[in-house]
Amino acid sequence: MKITSARVVVTCPGRNFVTLVVETDEGVVGIGDATLNGRELAVASYLTDHVIPCLIGRDPARIEDIWQYLYRGAYWRRGPVTMSAIAAVDTALWDIKGKVAGLPLYQLLGGRSRDGVLVYGHANGADLEATVDAVGKYIDMGYKAIRAQSGIPGIDKAYGVGRGDMHYEPADARLPTETVWDTPKYLNFAPKLFEKLRETYGFEHHLLHDVHHRLTPNEAAQLGKALEPYRLFWMEDATPAENQEAFRHIRRHTTTPLAVGEVFNTIWDCKQLIEEQLIDYIRCTVVHAGGITHLRRIADLAALYQVRTGSHGATDLSPVCMGAALHFDTWVPNFGIQEYMRHTEETDAVFPHDYGFEDGFLFCGEAPGHGVTIDEKLAAKYPYDPACLPIARLEDGTLWNW
Ligand SMILES: O=C(O)C(=O)C[C@H](O)[C@H](O)CO
Ligand SMILES: [Mg+2]
């Protein structure tokens, strides 16, 4: 079998997605997600201008060799643009391999480790009361794990508080929206939110929280300690993680479980965090971390140290990524949880898929490959609409981590 053509589809059914479609001489087609929020066209160009010409004529069954060719062969290793492009190829090739074998992707990886994939949803509200209500709505929908983000008194446009209380969609303008951040106000407020949530709903559900890189290691240690009575499933991205050693200080001072990794793109970004057991959950996912082939290496390293997976699954990762991730989650022995923000109806219509939600779990389907396709005619009706992620500044104007 040979790859005869490949193309990139950029579409905006409510938000932008980049999808790679790979075709073969035997008519088997595979697709992969290549979406990098706010930097979509960079990956589209990387694929179209630099990767696709190298794919034509290759045997799609040689997934590992093609991965190595694109990673080592580029000379310029790593980085979100490169790794998202490699991920798109890798995902499409696993999709093709599954279709050729007549097997769902999880079977190719080694078969089922579990029946369903525990997911967490996003509850958010403009203030404490609204957030408590939003968590209640998720509980009513059957979720067993819920991430809670709230507007904070005195902070304009707090992270994670979106359009309406059931969705979160930060890429909202052609140029970055400016938001303001105030750490003392946040540190004062966040424990009160979780105290209220536990008081209202008890301890039956898992609660999660995303700090979104806003704190210093010492502030993160303080927050982790303050949240201990509320037994969070995890505290995410407590401090920026380029400096992996920074997590030593947090780890030393709190037993609140730590999750990190949605912005990582290779195993090198998390090697020390994992080997020194500085985190509990690794959040890398299929699209930004080099596809199934590389994510499997990260998960295997993590398994040695009892670090579990908790893949990123915001709406800016397309249903193609979600489908592949669910097969991965169904197989991976050291699975922890999967993030799941529901896509809009328009998005779901552009990407028909066979996964589904029931009673707090997502279930991948049994269709060969990863079970997600793209309706290119419908996709063409939604042209690319540039949108950026926001930035954050401290009250004195200093640029901070969004
Ligand atoms: O889902 C999360 O945990 C996020 O932090 C979402 C990110 O802000 C979003 O995916 C950025 O594109
Ligand atoms: Mg996050």
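Just so you know, ligand 1 is whichever comes first in the structure, and atom 1 is the first atom listed for that ligand.
With ligand atoms numbered from 1 in the order given, ligand 1 contributes 3 (O) to contacts under 4.0 Å with heavy atoms of Glu236. Below 4.0 Å from some heavy atom of Trp402 lie the following atoms of ligand 1, by number and element: 8 (O). Those atoms of ligand 1 with a heavy atom of Asp210 less than 4.0 angstrom away are 2 (C), 3 (O), 4 (C), 5 (O).
The shortest contact between atom 7 (C) of ligand 1 and any protein heavy atom is with Glu262 OE2, 3.5 Å. For atom 10 (O) of ligand 1, the closest non-hydrogen atom on the protein side is Asp316 OD1, 2.8 Å.
Using a 4.0 Å cut-off between charged nitrogen and carboxylate oxygen, Asp95 and Lys99 count as a salt-bridge pair. Taking 4.0 Å as the cut-off between side-chain N and carboxylate O, Asp385 and Arg15 do not count as a salt-bridged pair. With salt bridges taken as basic N to acidic carboxylate O contacts below 4.0 Å, one links Glu64 and Arg297.
Not one N/O/S atom of Glu339, from backbone or side chain, sits under 2.8 Å from the Mg ion (ligand 2). For the Mg ion (ligand 2), the set of nearby N, O or S atoms under 2.8 Å includes none belonging to Asp237.
Of the candidates Trp234, Tyr201, Phe233, His206 forms a ring-ring contact (aromatic ring centres under 6.0 Å, His included) with just one, namely Phe233.
Considering just the N/O/S atoms of Glu262, the one nearest the Mg ion (ligand 2) carries the name OE1.
The closest side-chain donor-acceptor pair between Glu339 and His122 falls under 3.5 angstrom. A donor and an acceptor atom, one from each side chain of Glu366 and Tyr106, are located under 3.5 Å apart.
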Working for ring pair (Phe, Tyr, Trp, His ring centres under 6.0 Å), residues Tyr138 and Tyr120: CA-CA 9 Å; Tyr138 274 86; Tyr120 71 91; over 10 Å; no
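Neither the backbone nor the side chain of Met341 has a heavy atom within less than 4.0 Å of ligand 1. Here Tyr340 has no heavy atoms under 4.0 Å from ligand 1, in either its backbone or its side chain.
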